[in-house]
Amino acid sequence: MTKRSLLLLITVLVTAAWSQASAQKPVPGGYVLEHDADVAKNEPGTHNGGGETIGYSFFAKTPKLGLVFRKRLFKPGSGIGYHLQSEDEIYYVLSGRGMMTIDDKSFEVGPGAAVLTRPGSSQGLKQIGAEELVILINYEQAVK
């Protein structure tokens with residue numbers, strides 16, 4: 001190999017390594033800020049749960065997000081109908097009380113309760129008492 005060919009090869013390798021390294025530099029990701037008032041939507045209880053609820057689907061229009069983050073307010077008597085779970089889903093109670101049923105076992109949930117439902121389980125949630133039930137719901141989704 002000639003000196004000139006060796007110099008050309010080294011130049012190509014260094015340029016390729018530099019290009020790859022610069023392509024891997026982290027890019028600032030920024031943030032998305034949303035407020036309850038901007039995403040609130042009156043909806044019936046999901047999964048045929050009945051009653052009136054207010055759904056807050058945060059970041060639903062954010063591209064390339066593989067996560068669902070929702071808040072739901074249940075007015076008295078409303079709920080999430082009993083249904084089969086297809087993914088891990090987390091419920092966190094902010095306020096009020098509810099009766100949760102998972103795999104035909106019912107238990108009361110209130111502020112500070114976190115429930116992880118697993119794929120293959122069946123579940124439902126019903127608001128109980130005079131106070132509205134407010135929960136956060138979180139699960140993964142296919143990236144859009």
Side-chain angles (χ1 to χ4, degrees), residues 5-144:
S5 296
L6 182 59
L7 184 57
L8 181 60
L9 177 62
I10 290 172
T11 302
V12 168
L13 291 174
V14 167
T15 302
W18 178 81
S19 295
Q20 184 178 5
S22 64
Q24 293 176 353
K25 287 183 182 175
V27 177
Y31 65 93
V32 177
L33 174 64
E34 294 186 348
H35 296 94
D36 282 0
D38 299 328
V39 298
K41 185 177 175 185
N42 290 317
E43 300 173 329
T46 58
H47 299 282
N48 297 313
E52 296 178 38
T53 74
I54 301 174
Y56 304 83
S57 292
F58 294 97
F59 318 116
K61 297 178 183 176
T62 304
K64 299 181 183 177
L65 181 64
L67 185 68
V68 171
F69 182 73
R70 291 188 179 139
K71 180 171 105 172
R72 187 161 301 275
L73 180 148
F74 297 88
K75 295 185 179 183
S78 62
I80 298 172
Y82 197 69
H83 64 283
L84 182 64
Q85 193 62 36
S86 59
E87 68 277 314
D88 282 333
E89 186 170 46
I90 298 169
Y91 289 76
Y92 182 79
V93 180
L94 294 172
S95 62
R97 292 184 0 213
M99 185 61 65
M100 183 155 233
T101 303
I102 299 179
D103 297 332
D104 295 318
K105 294 177 186 145
S106 296
F107 53 93
E108 190 172 321
V109 292
V115 180
L116 170 63
T117 61
R118 306 306 306 260
S121 65
S122 292
Q123 63 169 28
L125 176 64
K126 187 84 169 170
Q127 180 277 344
I128 58 174
E131 185 182 356
E132 295 171 330
L133 172 64
V134 181
I135 64 170
L136 297 177
I137 305 166
N138 184 245
Y139 58 90
E140 292 181 332
Q141 69 178 357
V143 175
K144 299 175 186 174

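Residues I137 and V68 have side chains not in contact (no heavy-atom distance under 4.5 Å, counting atoms from C-beta outward). Side-chain contact between R118 and D88 is present, with heavy atoms from C-beta onward closer than 4.5 Å. For the pair L125 and V115, the minimum side-chain heavy-atom distance is 4.5 Å or more. In this structure the side chain of S95 reaches within 4.5 angstrom of the side chain of E131, judged on heavy atoms. For the pair N138 and Y92, the minimum side-chain heavy-atom distance is 4.5 Å or more.
A donor-acceptor contact shorter than 3.5 Å links the side chain of D103 to the backbone of S122. A donor-acceptor pair under 3.5 Å is formed between the side chain of E34 and the backbone N or O of F59. A donor-acceptor pair is defined here as one N or O able to donate and one able to accept, closer than 3.5 Å; no such pair exists between the side chain of E132 and the backbone of Q127.
Separation of atoms NZ (K126) and CD1 (I80) is listed at 11.0 Å; rounding is to 0.5 Å. Taken to the nearest 0.5 Å, the CZ atom of R70 stands 14.0 Å off from the OH atom of Y56.
Within 6.0 Å of atom CG in N48, 12 or fewer heavy atoms from other residues, nucleotides or ligands are found, so the atom counts as exposed in its surroundings. Other residues, nucleotides and ligands contribute at most 12 non-hydrogen atoms within 6.0 Å of the CD atom of E140. Within 6.0 Å of atom CD in E52, 12 or fewer heavy atoms from other residues, nucleotides or ligands are found, so the atom counts as exposed in its surroundings.
The aromatic rings of H83 and H47 lie parallel to each other, their planes meeting at an angle below 30°, with 60° marking the opposite boundary.
For the pair A130 and P76, the tightest heavy-atom approach, listed with the atom from each and the gap, is O-CG, 3.9 Å. Minimum interatomic distance between L136 and K71 (heavy atoms only, all atoms of both residues): CD2-CB, 3.8 Å. Considering every non-hydrogen atom in both T101 and S106, the closest pair reads OG1-OG, 2.8 Å. The nearest pair of heavy atoms linking T53 to G45 is CG2-CA, 3.8 Å. Listed here is the closest heavy atom pair of R72 and G55: NH1-CA, 3.7 Å. Of all heavy-atom pairs spanning I102 and F107, the tightest one is CD1-CZ, 3.9 Å.
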Is there a side chain to side chain contact (heavy atoms under 4.5 Å, CB included) between V32 and F58 once you walk through the steps? CA-CA 10 Å; V32 177; F58 294 97; over 6 Å; no
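For the residue pair Y91/E89, the side-chain donor-acceptor check at 3.5 Å is satisfied.
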